[in-house]
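Please read the structure below before turning to the comments.
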Amino acid sequence: MSGKQRITPRATDFSAWYNDVIARAELAEHAPVRGCMVIRPRGYRIWELMQRALDDMFRETGHENAYFPLLIPQSLLEKEAEHVAGFAPEIAVVTHAGGKELEEPLVLRPTSETIVYSMFSRWIQSYRDLPLLINQWANVIRWEMRPRLFLRTTEFLWQEGHTAHATDGEAEEEALSIVGLYRRFMEDWMALPVITGVKTESERFAGAARTFALEALMQDNKALQTGTSHNLGQNFAKAFDVQFQNADGEMEYTWNTSWGVSTRLVGALIMAHGDDQGLVLPPKLAPTQVVIVPIWKTDGDRVAVMQVSERVAQVLRETGLRVEVDDRDDVKPGAKYYIWECRGVPVRLEIGPRDVSQGQAILVRRTGGKTPVKMDGIAEFVSEMLELLQRSMLEDARTRREQSTRRNVTMEELVALMAGDGGFAFGGFCGKAECERGIKDQTQATIRVLPDPEFRTDPAPDRCVCGDAAVTEAVWAKAY
RNA sequence: CGGGGCGUAGCGCAGCCCGGUAGCGCGCCUGCUUCGGGAGCAGGAGGUCGCCGGUUCAAGUCCGGCCGCCCCGACCA
């Protein structure tokens, strides 16, 4: 547990680094079933902190939590043609139960649109029932060929929002406002800058009219889709007969949205901020924000140092900080430094006999640098330090992303970039699926999004990377 | 599903060619000395060598079969 095995440096093998960090920080492990993971307490608490923040945001915007079942009748899943086709390869099916073969196989939900909208059709009668804004926290199952802890597992945890509206405009507004909500969460809590935009047809959710997405760049210069929000149009309403009577007494199908983020966000946090020492957590999502390491030689020192350490911990906790005192006497202080750095704790306070006599503690930042802090006003100082760290992590991540972003790329540049350093490549796009396909075959890069106005290049490119006239701008990257 | 590799202590591995008392590092337990950047010494616990069969006086090692896992080629929050 407190071994001194080295973490593979990122530059040597990013994948091995990622696995090492997860193992050493005790975030998760592989389960007996291929593709499944056990999320350990230190990893699960990160997810719980994410959940709490997001859940509060959903509530503030009028959404209510509910729970729909894991098992879905196969016939129900098959009602929306495009949806079934899209998920077919990833579906797990229960055929036997109670000691006999089932009359109708049950699907383990890969997502819950089908069961949700079949229930919505019973709950909605009038325009007065709209909008209906539901969220659920749940696990889902998607049989994966190439699993990776947190990033792509057969079972994962997520939230899925499902809403019903009276008009297409309202649904579109809802889908977009969720993108904004996700973006605020990712920037303010995860310190993760994202690019937002709309997906091309080939990357669109099975059954959606439009898919909006948030894309972040990891330190290996590969993109990670960190969230999606779909305007489902009336596709599911028609498949599941979700109708309401409008003010004029006419029957209309509802307009729906669905949206989600998952435990993949933990993987994003690791890959966006981690360094060769291990995990680096933004203060707002760190299970332990401050670790106090008491230092002593003699028993007399120990009593004095522990007394001060506990008092400092108390003061910090009273200001709402998550604090741990590492008072183990079988591990030397130096070893503790490595352990807590590996776990990503943002701030460490070292308190030894010298500090006690001088009325101070030594504050060490996870991202580098140490300074003495006076005991008077230490809570305020540490709080401000954490806020500063939270902000600087976002700025640093944004700087890294900008350094790995190229604009107005030509086909030659795109090919060279994807064969080399990778990163985000902005360029004109003709809108043709064959063009998109060809670039993917040649470079392994896909269009992550057609970026929202705020991210676009000014002036807009007028030629597609293929040479044809551009109808829009696109962001290419190799993706997870 | 096609190609390559691996199953030996909690983890990482050696031993296998050439059959003969199951080993190393880390971790774990006990004690003493240590303690401001991964402590040292001494003692100790821990194993159906993936499974089934065969050859042999004798199999971790040789032979046959099976199972599982990892890596590489067609999808995805």
Side-chain angles (χ1 to χ4, degrees), chain A residues 1-7 13 15-16 19-20 23-24 26 29-35 85-91 109-112 138-148 150-161 182 199 202-206 208 211-216 223-230 258-268 277-278 293-299 301-302 305 326-342 348-356 358 360-362 364 370 372 440-441 444 446 479-480:
Chain A
M1 179 179 293
S2 54
K4 54 186 161 194
Q5 309 90 320
R6 289 275 162 192
I7 293 172
D13 183 342
S15 244
N19 291 332
D20 287 350
R24 294 288 315 284
E26 297 169 3
E29 284 177 22
H30 291 282
V33 175
R34 174 186 159 78
F87 278 105
E90 304 179 74
I91 295 295
R109 65 178 163 218
T111 178
S112 303
N139 60 337
V140 286
I141 304 281
R142 298 182 185 177
W143 221 252
E144 294 290 350
M145 296 180 284
R146 308 196 50 189
R148 300 216 47 201
F150 290 113
L151 300 177
R152 200 186 304 101
T153 48
T154 286
E155 178 186 13
F156 58 93
L157 305 180
W158 76 344
Q159 60 66 216
E160 46 181 322
Y182 283 159
K199 287 286 188 185
S202 68
E203 300 264 329
R204 186 194 299 151
F205 176 74
T211 288
F212 305 99
L214 300 95
E215 294 277 338
L224 182 71
Q225 183 179 116
T226 50
T228 50
S229 181
H230 316 290
S258 69
W259 28 274
V261 296
S262 71
T263 36
R264 168 178 273 191
L265 291 180
V266 178
Q277 311 304 315
V293 178
I295 298 154
W296 65 77
K297 277 195 177 74
T298 65
D299 283 349
D301 286 346
R302 178 177 179 170
V305 160
D326 189 346
D327 60 358
R328 291 177 292 174
D329 61 4
D330 57 335
V331 182
K332 297 207 323 181
K336 292 178 183 177
Y337 301 164
Y338 283 97
I339 291 164
W340 290 102
E341 278 166 9
C342 174
R348 173 173 81 236
L349 290 174
E350 305 173 5
I351 301 178
R354 286 204 299 275
D355 303 305
V356 170
Q358 289 170 42
Q360 66 172 30
I362 303 298
V364 184
K370 59 170 76 176
K440 184 180 179 182
D441 291 343
Q444 291 169 39
T446 49
Y480 273 98

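Computed from a predicted structure; not experimentally measured. Scope of the values below: all heavy atoms of this structure, side chains included, with no hydrogens, waters or symmetry mates. Chain naming here is simple, since letters A, B, ... match the order of the sequence lines and numbering starts at 1 in each.
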(message) Looking at Arg328(A) and Asp330(A), is any side-chain nitrogen of the basic one under 4.0 Å from a carboxylate oxygen of the acidic one?
(response) no
Please measure how far the [atom1] atom in [N] lies from the corresponding atom in [M], and state the result in whole Å.
N       : M       : atom1 : value
rG60(B) : rC52(B) : P     : 12 Å
rU61(B) : rC35(B) : C1'   : 47 Å
rG44(B) : rC62(B) : P     : 33 Å

(request) Identify which nucleotide among rA77(B), rG37(B), rG36(B) has an atom closest to any side-chain atom of Glu341(A), counting heavy atoms from C-beta outward. (result) rG37(B)
(message) Given rG36(B), rC69(B), rC75(B), identify the nucleotide with an atom nearest to the side chain of Lys440(A).
(response) rC75(B)
Give one of base, sugar-phosphate or nothing for [X], where a contact means two heavy atoms less than 4.0 Å apart.
X         : value
Leu224(A) : nothing
Gly260(A) : nothing
Leu151(A) : base
Glu350(A) : base
Thr153(A) : base
Glu203(A) : nothing
Arg348(A) : base

(request) For rC70(B), take OP1 and OP2 only and decide whether either is under 4.0 Å from a side-chain N or O of Arg34(A). (result) yes
(message) When you measure from the side-chain N and O atoms of Lys332(A) to the phosphate of rG36(B), is any distance below 4.0 Å, counting only OP1 and OP2?
(response) yes
(message) So for atom CG, which belongs to Asp299(A), do other residues, nucleotides or ligands contribute more than 12 heavy atoms lying within a distance under 6.0 Å?
(response) no
(request) Could you tell me whether a side-chain N or O of Arg142(A) sits under 3.5 Å from a main-chain N or O of Pro89(A), the two making a donor and an acceptor? (result) no
Separation of [N] [atom2] from [X] [atom1] (nearest whole Å):
X         : N       : atom1 : atom2 : result
Arg204(A) : rC76(B) : CZ    : C1'   : 17 Å
Arg148(A) : rC76(B) : CZ    : P     : 19 Å
Glu144(A) : rA77(B) : CD    : P     : 9 Å
Asn139(A) : rA77(B) : CG    : P     : 17 Å
Asp355(A) : rC35(B) : CG    : P     : 17 Å
Tyr338(A) : rC35(B) : OH    : P     : 18 Å
Lys297(A) : rA39(B) : NZ    : C1'   : 14 Å
Arg24(A)  : rC26(B) : CZ    : C1'   : 11 Å

(message) Centroid separation under 6.0 Å, is that true for the rings of Phe205(A) and Phe212(A)?
(response) no
Close N or O pairs between protein and nucleotides 10-13 of chain B (under 3.5 Å):
none

(request) Please determine which of Lys199(A), Arg204(A), His230(A) meets the side-chain hydrogen bond (donor to acceptor under 3.5 Å, both in side chains) test together with Thr211(A). (result) His230(A)
(message) Could you check whether any side-chain heavy atom of Ile362(A) comes within less than 4.5 Å of a side-chain heavy atom of Arg348(A), counting everything from C-beta outward?
(response) no
(message) Let's test your reading of the model: under 3.5 Å, does the base of rC76(B) pair with the side chain of Arg152(A) as donor and acceptor?
(response) yes
(message) Taking donor-acceptor contacts at under 3.5 Å, does the side chain of Gln277(A) reach the base of rG37(B)?
(response) no
What does the list of N/O pairs under 3.5 Å between the protein and nucleotides 4-9 of chain B look like, with a distance for each?
none

Restricting to nitrogen or oxygen on both sides, can you table the protein-nucleotides 72-74 of chain B pairs closer than 3.5 Å?
unit_1  : atom_1 : unit_2    : atom_2 : d
rC72(B) : OP1    : Arg146(A) : NH2    : 3.3
rC72(B) : OP2    : Arg146(A) : NH2    : 2.6
rG73(B) : OP2    : Arg146(A) : NH1    : 3.2

(message) Holding to side-chain hydrogen bond (donor to acceptor under 3.5 Å, both in side chains), I want the full list of residues that pass it with Gln159(A), two or more places apart in sequence or in another chain.
(response) Asn135(A), Tyr182(A)
(message) Taking the cut-offs as 6.0 angstrom to the six-membered ring centre and 45 degrees off its axis, would you call Arg264(A) and Phe156(A) a cation-pi pair?
(response) no
(request) Tell which nucleotide pairs with rG2(B), taking only Watson-Crick or G-U wobble pairs whose two distances are both under 3.5 angstrom. (result) rC72(B)
(request) Return the set of residues passing ring-ring contact (aromatic ring centres under 6.0 Å, His included) with Trp340(A) (not counting sequence neighbours), or none when no residue passes. (result) none
(message) Taking side-chain contact (heavy atoms from CB on, under 4.5 Å) as the definition, give me every residue that meets it alongside Arg302(A), ordered by chain and number, with sequence neighbours left out.
(response) Trp296(A), Met306(A), Asp329(A)
